[in-house]
Amino acid sequence: MIRVVVAGALGKMGQESCKAVVQAEGMQLVGVVDSRDSGNSIGTYIGKPEINVTVSNNLEQVLRDLQPDVLVDFTRPGVVQGNIEMAINAGVRPVIGTTGMSAGEIERFIQLASDKKVGGLIAPNFAVGALLMIKFATEAAKYFPHVEIIELHHDQKMDAPSGTAVKTAESVAAVRGHLSQGMPSEFEKIEGVRGGNFEGMRIHSVRLPGFVAHQEVIFGGIGQTLSIRHDSISRESFMPGLIMAVRKVMALDHLVYGLENLLFE
Ligand code: NAD
C-alpha cells in the first residue's frame with residue numbers, strides 16, 4: 001500500500017485527488033491537510049461518508065505522525081514551497097500539482113531532493129492530453145518558429161501565465177531559441193494587449209468563469225497557420241496522470257520536473 005497525504009485537500013483539485021487516491025488500487029489516503037478546516041472528516045466533503053480521515057491544518061505534524069510515502073500538494077503559490085521543503089526533509093516524496101513557482105525555486109528543490117535522495121515530481125499539468133500538446137508543439141516549432149500561446153482558465157486561478165503555458169514556452173524556446181516576432185515598430189494602444197513576452201513568444205492569459213484549463217498554441221507560417229489545442233473540461237482529466245505519478249515516484253531517488261519525463265521515458 002502506498003500511503004498518501006493530500007495537502008489543499010478541500011480545494012477543487014484537492015477534493016478530486018482525495019477521491020482518486022481512495023479509488024486507486026494499492027493506495028491509501030492516510031491524511032488530509034487544509035488551512036480551511038481542522039477536525040471534520042474529508043468523507044463529508046467528497047461525498048463518501050465512509051471515508052473517515054480527519055482534516056488537519058498542520059502538515060508538519062501530519063508528516064511526523066503518519067510518515068506517509070507520498071505528499072500530494074494542490075495548495076497555492078507561497079504555501080507549496082514550504083510544504084515541499086517539509087516533505088523532502090521528512091523523507092516523504094512530494095508530488096506537486098501547485099503552480100506558480102519560479103524556475104530558481106524548482107531548481108533548489110531538485111537539488112535538495114537529490115541531496116536527500118528523495119524521489120518526487122513537480123508537474124504543472126497532469127493531463128496526458130496537455131503533455132501531448134506540448135510535445136506536438138515542440139515538434140511543430142522546428143518548422144514554424146513564429147508562435148503565440150493562448151491559455152484560458154477559470155477566474156479563481158491565482159498565477160498567470162499558467163504553469164502549462166510556461167512549460168510550453170520553455171520547451172518551444174529550447175527548439176527555436178529567441179526570436180523577435182511581429183512588427184519591430186509595433187506599439188500597444190492598451191498596455192499589455194500583446195501579452196507576456198517569453199523569448200519573443202507572446203503568451204495571453206484569459207480568466208473567465210466557465211473555463212477549467214485550456215490552451216491553444218498557434219503557429220504562423222507563409223500562407224498557413226497551425227493550431228494545437230487541448231481542453232481539460234473537468235478536473236477528472238488530471239487524475240490518471242496524478243495516480244500514475246504517485247506510483248512512479250516510489251521508484252525514484254530524485255525530483256523530476258514535468259510528468260512528461262515519467263510518461264514518455
Ligand atoms: P483551490 O483554491 O480550489 O484549492 C486550494 C486549497 O488549498 C484550498 O482548499 C485552500 O484552503 C488550501 N490552502 C491554502 N493555503 C493552505 C495552507 N497554508 N495549508 C493547507 N492548505 C492550504 O485551488 P485549485 O483550483 O484546487 O488549484 C490548486 C493549485 O493546483 C493551483 O496552483 C493550480 O494552478 C494548480 N493546478 C494544477 C493542475 C495540474 O495538473 N498540475 C491542475 C489544476 C490546478
Side-chain angles (χ1 to χ4, degrees), residues 5-21 31-40 42 44-46 53-63 71-87 94-102 105-106 120-134 151-168 205-215 230-246 249 256-263:
V5 164
V6 175
L10 303 187
K12 293 179 280 298
M13 287 297 290
Q15 291 195 33
E16 206 61 52
S17 304
C18 289
K19 281 189 236 170
V21 169
V32 291
V33 177
D34 200 292
S35 52
R36 271 200 270 159
D37 191 2
S38 173
N40 290 307
I42 187 70
T44 51
Y45 284 100
I46 61 172
V53 180
T54 306
V55 182
S56 164
N57 57 14
N58 187 334
L59 178 64
E60 195 164 16
Q61 189 183 354
V62 165
L63 296 183
L71 169 71
V72 170
D73 188 296
F74 284 104
T75 57
R76 62 177 179 79
V79 169
V80 63
Q81 291 90 337
N83 292 356
I84 298 174
E85 199 149 353
M86 235 183 268
V95 170
I96 306 299
T98 308
T99 55
M101 276 183 281
S102 70
E105 286 171 324
I106 293 170
L121 173 75
I122 295 175
N125 203 316
F126 282 103
V128 173
L131 304 180
L132 288 170
M133 167 187 62
I134 297 174
E151 56 96 340
L152 311 91
H153 281 79
H154 59 88
D155 61 350
Q156 302 303 304
K157 185 168 176 57
M158 292 180 75
D159 55 320
S162 69
T164 305
V166 173
K167 199 92 175 53
T168 309
S205 297
V206 177
R207 296 289 176 267
L208 283 173
F211 284 123
V212 178
H214 316 254
Q215 181 170 291
H230 175 258
D231 296 275
S232 273
I233 53 178
S234 86
R235 290 181 178 82
E236 283 168 278
S237 63
F238 304 111
M239 293 304 122
L242 174 70
I243 295 301
M244 185 189 86
V246 170
V249 294
V256 172
Y257 170 47
L259 182 62
E260 65 279 12
N261 295 307
L262 301 182
L263 187 67

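All values below were derived from every heavy atom in this structure, side-chain atoms included, with hydrogens, water molecules and symmetry-related copies excluded. Counting convention: from 1, in listed order, for ligands and their atoms alike.
The nearest pair of heavy atoms linking H153 to A213 is NE2-CB, 3.4 Å. In plain terms, the two heavy atoms of N58 and Q61 that are nearest each other are OD1-N, 3.0 Å. Minimum interatomic distance between P94 and I84 (heavy atoms only, all atoms of both residues): CG-CG2, 4.4 Å.
On a distance-only criterion, G97 and ligand 1 share at least one N/O pair closer than 3.5 Å. For ligand 1, one of its N or O atoms has an N or O atom of P124 under 3.5 Å away. Ligand 1 has a nitrogen or oxygen under 3.5 angstrom from a nitrogen or oxygen of K12. For ligand 1, the polar-atom distance check finds no N/O of R235 at less than 3.5 Å from any of the ligand's N/O atoms. At under 3.5 Å, a nitrogen or oxygen of G11, whether backbone or side chain, sits near a nitrogen or oxygen of ligand 1. When only interatomic distances are considered, the shortest N/O to N/O separation between A123 and ligand 1 falls below 3.5 Å. Taking any N or O of V33, backbone or side chain, none lies under 3.5 Å from an N or O belonging to ligand 1.
Of the listed options N58, V79, T99, T99 places a heavy atom closest to atom 34 (O) of ligand 1. Here the shortest heavy-atom distance to atom 26 (O) of ligand 1, taken over R36, M13, K157, E16, belongs to M13.
Of the possible donor and acceptor atoms, one in the side chain of R36 sits under 3.5 Å from a partner among the backbone N and O of L10. Checking side-chain atoms of N125 against main-chain N and O of T164 turns up no donor-acceptor pair under 3.5 Å. Listed for the E151 side chain is a donor-acceptor partner under 3.5 Å among the backbone atoms of S162. Without hydrogens or angle criteria, Q15 side chain to K12 main chain gives no donor-acceptor distance under 3.5 Å. At least one donor-acceptor pair under 3.5 Å links the side chain of T98 to the backbone N or O of T75.
Counting protein heavy atoms only, atom 40 (O) of ligand 1 is closest to F126 N, 2.8 Å. Counting protein heavy atoms only, atom 30 (O) of ligand 1 is closest to F74 CD2, 3.3 Å. In this structure, the protein non-hydrogen atom closest to atom 28 (C) of ligand 1 is T75 O, 3.3 Å. Shortest contact from atom 14 (C) of ligand 1 to any protein heavy atom: S35 OG, 3.6 Å. The protein heavy-atom contact nearest to atom 10 (C) of ligand 1 is D34 OD1, 3.5 Å.
Put simply, no part of A7 is less than 4.0 Å from ligand 1, judged by heavy atoms.
Enclosure of atom CD in E60 is not indicated, since only 12 or fewer non-hydrogen atoms of other residues, nucleotides or ligands lie within 6.0 angstrom. In I233, the CD1 atom is not crowded: 12 or fewer heavy atoms of neighbouring residues, nucleotides or ligands sit closer than 6.0 Å.
E105 CD to E85 CD: the interatomic distance, rounded to the nearest 0.5 Å, is 10.0 Å.
Those atoms of ligand 1 with a heavy atom of R76 less than 4.0 angstrom away are 14 (C), 15 (N).
Contacts of F238 with ligand 1, taken as heavy-atom pairs under 4.0 Å, involve the side chain alone.
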